[in-house]
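These notes concern the structure reproduced below.
What you are looking at is a predicted structure, and each value in this text was computed from that prediction instead of being measured. Just follow the structure's listing: the first ligand is 1, and inside any ligand the first atom is 1. What's counted below: heavy atoms across the whole structure, side chains too, no hydrogens, waters or symmetry copies.
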Amino acid sequence: MEQWWWYFWFSIISLFGASLGNWIHRWRNPKCNGKLPPGSMGLPLLGETLSFFVTSNSIDIHPFVAQRMKRYGSLFKTSLAGRPVVVSLDPDFNYFVLQQEDKLVELYYMDSVAKLDWSKLPQVDLKHQTASILFNMASKILMSCVPEENLGHDLSDILQGLMTFPVYFPGTTFYKCLKKKEKALKLTSGVLEERMNLYPTDKGDLLEKMVGDMGNEAGLTKQFVSHALFGLLIATIETIAPTTTLAAKYLLDNPSALQHLTEEHERIVKKREDAKSGVSWDDYKSMTFTHYVINETLRLGNFLPGIFRRTIADIPVDGYTIPKGWILLIIPAVHHLDPNTYEDPLAFNPWRWKNIGRNTMAKKFIPFGGGNRACTGAEFSRVLVAVFLHVWLSKYRLTKLREGTWLVGLF
Ligand code: HEM
């Protein structure tokens, strides 16, 4: 009897071991109708997620990408958050992929996804204060209201939370980030509810248009509209606040660029007939050096760490095949920091944009993505950053107060 039990357990364990071995083998060697790109699928289930999510303080290419680029070249496979992924660092292929929306790829997102009188403050945390201003501004433009509680500070760190390991447990960054998201969604659904009760109004904002369309378009549910408003608030705050902050940091570190930019804005103010009038479209178009500064900041900032697509067909590339259903990850930083395109790529040099042509811009400068999914807020963002810079340079004097955390004093 005892021997029977022994055989029984031996068979169970052997069966389990064989299935596990088989599963690990299949994990490491996924099915493909061709040859998969080189790379490692990492540990079963976990893949290479942990090293992907390690944060880096450097503006240089993330070590996860840099190491694999050196080892495998411009195309490699990996596994992130339980999904098979191909990372592509080839600008021509990435340009091609971004034009293939709904043909070879589709959109994919990671599963996790005050007005203030500064002159009266002794010092300003630029990123968070800018986020608060942007929150009020975007709320006014989108929903014609200024919410009682300013969520700019909360929303300004949300993307960082979504790019961490998705562990929903009190205390984790991911947990805190989802709590902030819940709070913001409560706000946008409250504003939506209120507007639905008042509809029609003469506000003429995006919310009015959406509420008007809700009855006619099936997809425009209450949930969709409150998520869309939340998404647009995030899109404004999480991108423009760091862009302006980083621009200030680079300018303070580069006195000659700061001087050149200040002169450009002084010239604009002097040319104005009414000294109190705001920035006009002609003013904006004449800000040549400002545009160089914005490009250079976006190039070095790489605020969107990756552009994700899901393949909807097998895609052949350079003798390899990216299978249907895999995630394709494009890393803009690799193009933006390529020394073959940008000499001394880690240096802040706005003047370099004088000689950068349209072709390079199309393939090697993709802070706003590309193809028909390119950022809808691109020009709006450029205008806002230019206006922020104009106000700073014509009304304030910036001083960096501390190394490390970028606090800016105004007097
Ligand atoms: C510095 C500022 C910004 C940067 C660097 C930026 C970057 C990007 C990028 C790279 C994409 C493409 C994502 C993809 O292909 O998967 C994108 C899409 C998008 N952005 Fe922005 N963005 C910025 C500001 C804004 C602002 C202010 C708004 C709205 C007010 C906005 C709204 C959108 C929308 C709606 C999309 C999706 C477009 C679509 O799927 O058709 N963005 N953005």
Show me the donor-acceptor pairs within less than 3.5 Å that the side chains of residues 356-366 make with the rest of the protein, sequence neighbours left out.
unit_1: Lys363; atom_1: NZ; unit_2: Asp92; atom_2: OD1; d: 3.0
unit_1: Lys364; atom_1: NZ; unit_2: Thr341; atom_2: OG1; d: 3.0

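- Between Phe230 and His227, the angle of the ring planes goes over 60°, which puts this pair in the perpendicular group of the 30/60° scheme.
- By the neighbour-count criterion of 12 heavy atoms within 6.0 Å, atom OH of Tyr72 is densely surrounded, having more than that number from other residues, nucleotides or ligands.
- Remark: Glu194 CD is loosely packed, at most 12 non-hydrogen atoms of other residues, nucleotides or ligands lying under 6.0 Å away.
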For each nitrogen or oxygen atom of ligand 1, which protein N/O atoms lie closer than 3.5 Å, and how far apart are they, rounded to 0.1 Å?
unit_1: ligand 1; atom_1: 15 (O); unit_2: Arg309; atom_2: NH1; d: 3.3
unit_1: ligand 1; atom_1: 15 (O); unit_2: Arg309; atom_2: NH2; d: 2.8
unit_1: ligand 1; atom_1: 16 (O); unit_2: Arg309; atom_2: NH1; d: 3.0
unit_1: ligand 1; atom_1: 40 (O); unit_2: Arg373; atom_2: NH1; d: 2.8
unit_1: ligand 1; atom_1: 41 (O); unit_2: Arg373; atom_2: NH1; d: 3.4

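- A salt bridge is defined here as a Lys NZ or Arg NE, NH1 or NH2 lying under 4.0 Å from an Asp or Glu carboxylate O, and Glu208 with Arg195 meets this definition.
- Ring orientation note: the planes of Trp353 and Tyr342 are tilted relative to one another, at an angle of 30° to 60°.
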